[in-house]
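Following: one structure in structure tokens, then a few remarks.
Quick note on labels: first sequence line is chain A, next is B, and so on, each numbered from 1.
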There are 2 protein chains.
Amino acid sequence: MSDNLSRIYDVVVLGAGPAGENVADRTSAAGLRTVIVESELVGGECSYWACEPSKALLRPALLYAEAARMPGVGAALARPIDAGAVLAYRDRMSADWDDHDQVAWLKSADITLFRGHGRITGERRVTVETPDGPAVQLTARHPVVVCTGSRPALPPLPGMDSLRPWTSREATSARTVPSRLAVLGAGVVATEMATAWQALGSRVTLIARESRLLPRVEPFAAELVAERLRGAGAELRFDTTVTHAERAGGPDDTVHLTLSDGSRIVADELLLATGRDPRTEDIGLESVELIPGQWLHTDDTFTVPAVAGEWLYAVGDVNRRGLLTHQGKYQARIAGAVIADRARGSALDRRPWGRHLGTADLVAVPQVVFTDPEVAAVGLTTEEAERAGRPVDVVDYDIGRVAGALQYLPDYRGQARILIDPDRRVIVGATFAGPGVAELLHSATVAIIGEIPIDRLWHAVPSFPSISEIWLRLLETYRDRRR
Amino acid sequence: MSDNLSRIYDVVVLGAGPAGENVADRTSAAGLRTVIVESELVGGECSYWACEPSKALLRPALLYAEAARMPGVGAALARPIDAGAVLAYRDRMSADWDDHDQVAWLKSADITLFRGHGRITGERRVTVETPDGPAVQLTARHPVVVCTGSRPALPPLPGMDSLRPWTSREATSARTVPSRLAVLGAGVVATEMATAWQALGSRVTLIARESRLLPRVEPFAAELVAERLRGAGAELRFDTTVTHAERAGGPDDTVHLTLSDGSRIVADELLLATGRDPRTEDIGLESVELIPGQWLHTDDTFTVPAVAGEWLYAVGDVNRRGLLTHQGKYQARIAGAVIADRARGSALDRRPWGRHLGTADLVAVPQVVFTDPEVAAVGLTTEEAERAGRPVDVVDYDIGRVAGALQYLPDYRGQARILIDPDRRVIVGATFAGPGVAELLHSATVAIIGEIPIDRLWHAVPSFPSISEIWLRLLETYRDRRR
């Protein structure tokens, strides 16, 4: 093996999405020579085929909807939303699928980039198959960190071969608005993309084996979203599966679906959004006696305990602790501190909420679904609490009765719920569904991670007239129930 | 004195604005017979001439401005904002200046209302001069609570007699848009109303003796507002006073102002917004040896210590602890608990953050200024910390560099600052200036009142892509500076 094909680094990171970039940032900042391996665009799914383009499609649609409902403004909206302008804007917010800026950032952070497909070949060893050169052997003095993320899980659909379906990638990067879009799935991708494309002019039919949208959020939130989506003209077919699917071919080249109730649907595009699989099927896991294609289980330091020697980490979607960019970045910050301190021989702080444990993964994972209305949730849902056998006091309030919400939109409809641990008297879960609640979520996240007793929270005064006054109403409701 | 002109209650509340209503709510809920005295509309300044109408004027204007700046939406806004529709909407959000609903609420909460002017006549005694009947003598078994609020402080302007100026009341309730509006002042009322009327079609000239807008917020926030206000066409004249003012009379009936720099301004209306005075000049304070027209100083239980016997309380604007509806309501909840527990002979909990002390007044008073952009602040500003001799670490970050902010508006401009107590390592102040930051404020309020250490706040993960990720950037900035 020639000298220039073998390299030794302190840290080898597989995958340059948000998780990988942030691990590398932390280890490089700690003085560890860090290399990152990426086979596609630096920046990952989030920058090009998920958060950024999806939000760029959704935000104009949601803003248009708010403007249309506001006295004095709605009448000024003389034309429908300009879908072409939104798609061009989406292109710009996705950096035109060019990772130049992110590559420059890696360089500024003193992180080496290898473009190519990386595979683990043994303890602390990775081979990178580069597109236009010989393979490179990388050795890590310290760990290898797997940040390869996730990909759409394609359902076993009869007729799949002919279908050329959209996945989340095509749904976020499509260059024209399909007249008729069928969406298979009920989760965040399905619901957000149904919202975006319906707003941009598609006639959307959403088909879900589930009995409602957004199965992981509180039912009242999903119901508000379903109501608005239906109001916008989308058709929602729950408790329904596809029994046959084919693309017609020929000049119209449409997708024909047969559903479990016997009905048929014709669409121009079909989005499959039925879940995510880990991107671990071809990264050499077999070389360290792990099973390719499976999620990588880690402990709270993001170390893979099934591999001896504490040299293999998994951060981001791939560890299945929270498939969200922000949670991957959080894990990356913690893992970076763990790696740096182990490298210098320091002991880890294994107390919950310390700098070496990803405690928030277990307690307070926030998520905003950018639908109409927005759904923002953190911590436990009622169903999760029940499933875990944790007693909680459930406190509900209609956000549409809050003065600040009515000022936000006069026909405001929304609902909030907090879950309170009755023994510790702290909040363990919160869900807000309604227009403009996205930025409200962090107040709940702070309350949960701070374990602030309810009696103290009474002193956190929400500004009038803001939607945040929902906090006062929730606390009052809880107080009055206990008397 | 005939029997029907004298009444005994447990609690007598003077003033049925938000503070008075909330005190009465709490004392009535505690089983104390409560009477409230109001000479104008039940609901007070907030409902009819402040928060509600001002926000109803501002929110459509701010939403229009956001929509105009959003690709795909701006082009659909073919017409200017419909000022007539906004004014009609404002009427509705001000309940058409009819307090029927609030009177019904008082009844439902078992609170007796006397309409008329109330004056204290001695210990626990109030006389109400009713508009259409004999005076009523009220005696309180427990306390009298003064919640009479504040009124505009009119500056000693030469020529005032002829002027018929707008105060905050006319500025929020005007039925037509003046072509030219002169605004005297630089505070929240002046700046919000300049923003609203400029957006609704007035040509606004703001004249301030101060050298900037919003003297009590961080200068960077005021600068962003000034920039947008100028960009919208308003003229801002700082370090300037009015040396002469008169209304012309005659058919055009315009206001003519001469300024300290010798220049002259002609306007259709003049708004005086140069501060607030307490409404205490005619409530009988002299009968208990207090000075009419002065603010009523209270301790943290909202008791007036200058009056012996703990029977006189002051809640809301009138105590000058925070001239904001939400802070008055907070004080009312605390005062209500104090009054109820004293009435039943229970000892007070005098620990900070307990149920009987208005600790947040001293530590975390939040305020959102609904300008373009919004300014949201809580706790100390840099200048307040300096003045108090409190060392703080000042951490700044450009909100326009946060991905979620750029998704909110692609040309986002904003700035954030947090102040950290270097010894306790907790946040003691926060200011956010930028579009859409109003609901973000409560996260800072919760962090401050919870006294959450910075190391723990790292586990409060902001959702991507939301503006809340400013929190991550601020913490990173603080971390990287300390290395």
If you take all heavy atoms of [X] and [Y], which pair is closest and at what distance?
X: A:Pro60; Y: B:Val73; value: O-CG2, 3.4 Å
X: B:Glu192; Y: B:Leu58; value: O-CD2, 3.4 Å
X: A:His326; Y: B:Ser463; value: CE1-OG, 3.3 Å
X: B:Ser54; Y: B:Thr172; value: CB-CG2, 4.0 Å
X: A:Leu57; Y: A:Ala196; value: CB-CB, 4.0 Å
X: A:Pro53; Y: A:Ser94; value: CB-OG, 3.3 Å

What part of [X] gets within 4.5 angstrom of chain B, counting heavy atoms only: side chain, backbone, both, or neither?
X: A:Tyr330; answer: side chain
X: A:Ile467; answer: both
X: A:Glu469; answer: side chain
X: A:Tyr408; answer: both
X: A:Leu406; answer: both
X: A:Glu66; answer: both
X: A:Pro80; answer: backbone
X: A:Leu62; answer: neither

For each of [options], tally heavy-atom pairs with chain A at distances under 4.5 Å, and name the one with the top tally.
options: B:Glu451, B:Arg59, B:Met70, B:Met93; result: B:Arg59
options: B:Tyr89, B:Tyr64, B:Trp353; result: B:Trp353
options: B:Cys51, B:Gly72, B:Ala56; result: B:Gly72
options: B:Pro366, B:Gly404, B:Ala376; result: B:Pro366
options: B:Gly74, B:Gly84, B:Ala438, B:Pro410; result: B:Pro410
options: B:Glu52, B:Arg456, B:Arg92, B:Gln327; result: B:Arg456

Structural part of [X] lying under 4.5 Å from a heavy atom of chain A:
X: B:Leu472; value: side chain
X: B:Pro18; value: neither
X: B:Leu324; value: neither
X: B:Ile449; value: both
X: B:Leu357; value: backbone

Heavy atoms only, distances under 4.5 angstrom: which of [options] has the most pairs with chain B? Name it, please.
options: A:Thr325, A:Val363, A:Leu409, A:Val86; value: A:Thr325
options: A:Ala360, A:Ala85, A:Pro465; value: A:Pro465
options: A:Ala403, A:Gly358, A:Ala364, A:Gly354; value: A:Gly354
options: A:Gln407, A:Arg333, A:Arg79; value: A:Gln407

CD1-CD1 distance between A:Ile470 and A:Ile399, expressed to the nearest 0.5 angstrom: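 Interatomic distance, A:Ile470 CD1 to A:Ile399 CD1, rounded to 0.5 Å: 5.0 Å.
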
Pair up each side-chain donor or acceptor in residues 441-448 of chain B with any protein partner under 3.5 Å, not counting sequence neighbours, and list the distances.
{"residue": "B:Ser443", "atom": "OG", "partner": "B:Leu440", "partner atom": "O", "Å": "2.5"}
{"residue": "B:Ser443", "atom": "OG", "partner": "B:Trp471", "partner atom": "NE1", "Å": "3.0"}
{"residue": "B:Thr445", "atom": "OG1", "partner": "B:Leu441", "partner atom": "O", "Å": "3.3"}

Test item: A:Phe432 and B:Glu439 side chains (from C-beta on) under 4.5 Å apart, heavy atoms: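 Not touching, per the 4.5 Å side-chain cut-off.
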
Side chain proximity check, A:Arg473 to A:Arg401, heavy atoms < 4.5 angstrom: no

Donor-acceptor under 3.5 Å (B:Tyr48 side chain, B:Gly43 main chain): no

Salt bridge flag under 4.0 Å for residues A:Arg321 and A:Asp300: yes

Under-4.0 Å salt bridge between B:Arg355 and B:Asp349: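 No, no charged N to carboxylate O under 4.0 Å.
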
All side chain to side chain donor-acceptor pair (under 3.5 Å) counterparts of A:Arg90, not counting sequence neighbours: none

